[in-house]
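Single-structure report; data block below.
Computed from a predicted structure; not experimentally measured. We name chains A, B, ... by the order of the sequence lines, and we start the count at 1 in each one. Just so it is clear, the values below take in all heavy atoms, side chains as well, and ignore hydrogens, waters and symmetry mates.
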2 protein chains.
Amino acid sequence: MQELLSPKQVATSIGVSESSLKRWCDQGVIATERTPGGHRRIQVGAVIRFLREQRRSLVRPEVLGLPVGAGQVIRSQDKANEALFDALKAGNHEQARRLFIDLYVAGMSVVQLGDQVVAPALHRLGDSWQCGQIEVYQEHRACEILSRALYELRLMLPPPSPSAPIAIGGTPPGDDYRLPTLMVELVLADEGWNAVSLGSNLPFGTMAAAAVQHRPDLFWLSSTHVADATALRAGMASFLASTPVSMKVVVGGQKSNQVFSGLDQGGRLLHGADLAELQRIASGLRPTAAVSSQPAPD
Amino acid sequence: MQELLSPKQVATSIGVSESSLKRWCDQGVIATERTPGGHRRIQVGAVIRFLREQRRSLVRPEVLGLPVGAGQVIRSQDKANEALFDALKAGNHEQARRLFIDLYVAGMSVVQLGDQVVAPALHRLGDSWQCGQIEVYQEHRACEILSRALYELRLMLPPPSPSAPIAIGGTPPGDDYRLPTLMVELVLADEGWNAVSLGSNLPFGTMAAAAVQHRPDLFWLSSTHVADATALRAGMASFLASTPVSMKVVVGGQKSNQVFSGLDQGGRLLHGADLAELQRIASGLRPTAAVSSQPAPD
DNA sequence: CGTAAAAACGTTCAATTCGTTCATTTCGTT
DNA sequence: AACGAAATGAACGAATTGAACGTTTTTACG
């Protein structure tokens with residue numbers, strides 16, 4: 001195990017600034033090696049020794065979690081996706097969490113995280129399950145892990161302003177996929193909306209009730225698995241008829257375009273194949289200026 | 001999100017002077033780490049533990065990243081339950097989250113939180129739904145809110161030690177209630193187990209595969225809704241037959257005692273009606289001393 | 001192999017925290 | 001009410017930390 005870590009990694013893993021860490025390295029508190037060019041390289045063992053001697057705890061153990069990038073920050077998208085899939089398959093909460101947080105901290109947007117990380121992972125899990133390569137429990141556990149990571153990400157997003165437009169949504173009847181609708185909530189929250197996901201497998205009647213009671217500016221429907229296209233189409237028609245015409249409805253999912261085609265009345269029913277499209281639609285709908293990921297001045 | 005806090009931050013968050021806080025740190029009332037330069041650094045969890053032990057309240061919770069207004073001392077359990085139910089009905093995430101943190105900071109154990117707060121709330125929601133007093137979407141949304149609150153609580157619990165015994169579990173086929181199995185995971189994690197919930201609606205075959213692949217010391221089955229008692233009983237019988245006899249199996253839920261009666265072979269199949277019983281069972285199974293919610297001296 | 005972006009380098013400097021002392025407040029007891 | 005003991009909070013110079021900066025090294029990729 002010859003894992004060499006950069007000062008930045010060690011600093012974040014033990015929760016101090018990079019400046020302090022470099023100073024401690026220079027003072028000899030942490031054993032440090034140097035590259036020929038003069039960059040510091042720190043062994044995992046040296047970090048452990050430091051923590052034991054100083055009686056400090058690891059703030060983010062997952063950063064030192066070994067195998068993934070061999071001590072290097074993952075740059076390539078493919079490698080990150082590969083690592084995430086492995087972690088999900090093995091049920092490694094910490095590892096998956098680390099990948100998520102690292103990607104987000106590294107500057108990846110919520111939309112990118114959803115379209116380029118979560119969605120591919122879900123597809124691969126589904127494929128592997130159908131091919132019999134993984135057990136059902138592994139797929140369930142992976143969804144559980146992803147849920148928790150996304151919830152944690154949700155806590156990092158800024159709270160909505162009191163004047164933020166309201167968005168409500170969920171998945172239609174017969175669709176038990178909770179993660180896509182959660183991703184939609186995250187994207188809208190990141191766009192400054194007051195977004196609430198009602199969960200999965202919702203009868204159209206209760207969605208209409210929610211729309212009438214809360215009067216959202218936007219209602220989304222995340223349709224991943226279509227059990228009965230005819231019933232879905234009929235439900236949507238009645239849903240549109242029983243809700244205020246001022247409320248826009250966005251449906252998401254690959255097949256939703258065909259299923260719901262022709263139901264639109266005057267640009268009320270919109271379609272987004274992925275989260276990037278959803279984001280464009282949502283920012284177009286917002287009356288106030290959309291400010292993404294900006295901390296509100298308090 | 002900040003992991004390590006300075007004395008000043010903690011002092012303002014709980015509303016005392018910096019001097020007093022530093023004194024408490026030095027006296028060991030609050031678990032404190034030191035930088036090599038001698039500066040004190042305090043974990044959020046240490047602050048929560050301090051508040052629980054000393055029965056103090058948070059003056060400015062936002063400094064710790066907790067919702068504004070959280071950390072108040074709870075006067076009456078009934079009032080708290082009432083307020084939680086109202087918040088869940090209205091879909092008020094923040095309010096529900098705040099109440100949870102309040103109750104936990106006030107010293108309530110995870111078991112009590114589950115048996116006396118979450119379970120009653122779920123029952124009332126179910127009753128209200130059956131009486132037609134609330135919409136389906138309100139019930140779904142409430143479960144969503146509770147899930148997130150419990151996930152957040154999960155993050156506050158101490159991570160399992162490497163030598164912690166392993167526990168795996170979930171809900172049997174036909175049972176979609178995810179919250180009870182999540183509560184079980186929390187209780188076991190709080191008891192020092194390495195607990196992983198696989199989610200809901202799991203075929204017995206895949207649960208057996210998980211048990212064989214991961215060799216847990218304990219497998220739990222959280223049975224809330226029984227669709228087909230005969231199938232459930234048969235499934236459990238084959239599950240017991242196809243898993244190592246050294247692995248204990250704990251079933252939870254009011255009716256599970258009748259459904260599974262007579263299947264036991266030599267005290268392998270245990271039953272817990274509520275989380276308090278589960279906790280007793282789990283602590284009895286642990287070979288090492290179970291230390292609940294105590295800060296680990298490292 | 002060469003190029004461009006990303007990360008780490010060393011340095012400076014403002015802000016924070018250190019340990020300590022001391023006045024003030026709070027508490028229990030007489 | 002008065003008293004002493006204990007706890008609290010403010011203040012000080014010295015020391016540490018963390019953020020910023022322009023420059024250099026490393027890494028990814030065509």
*Contact pattern, 5' to 3', of nucleotides 6-12 of chain D - B, S or - by protein heavy atom under 4.0 Å*: --BBB--
_On DNA chain D, compare the nucleotides closest to B:Gly38 and A:Pro36; which residue's is nearer the 5' end?_
B:Gly38
*Could you note down all residue pairs passing ring pair (Phe, Tyr, Trp, His ring centres under 6.0 Å) where residues 17-38 of chain B supplies at least one of them, sequence neighbours left out?*
B:Trp24-B:Phe50
*Parallel under 30°, tilted from 30 to 60°, perpendicular over 60°: which one fits the rings of A:Tyr151 and B:Tyr151?*
tilted
*If you measure from the Lys or Arg side-chain nitrogens to the Asp or Glu carboxylate oxygens, is any gap between B:Asp102 and B:Arg98 under 4.0 Å?*
yes
*Would A:Glu144 and A:Arg148 pass as an ion pair if we require N to O under 4.0 Å?*
yes
*Do any side-chain nitrogens or oxygens of B:Arg41 fall under 4.0 Å of OP1 or OP2 in D:dT16?*
no
*Using whole Å, report how far NE2 of B:His39 lies from P of C:dT16.*
12 Å
*Report yes if at least one side-chain N or O of A:Arg40 is closer than 4.0 Å to OP1 or OP2 of C:dC9; otherwise report no.*
yes
*May I have the distance from A:Ile42 (atom CD1) to C:dC9 (atom C1'), rounded to whole angstrom?*
13 Å
*asked:* Just the rounded figure in Å: distance from C1' of D:dG18 to CD1 of A:Ile14.
replied: 14 Å
*Would you kindly give the CD-to-C1' distance between B:Gln9 and C:dA15, to the nearest whole Å?*
13 Å
*More than 12 heavy atoms of other residues, nucleotides or ligands under 6.0 Å from CZ of A:Phe85: is that the case?*
yes
*Are B:Arg97 and B:Glu94 ion-paired here, with the side-chain N under 4.0 Å from a carboxylate O?*
yes
*C:dT20 C1' sits how many Å from B:Asp26 CG, rounded?*
12 Å
*B:Leu5 CG - D:dT17 P separation (whole Å)*: 17 Å
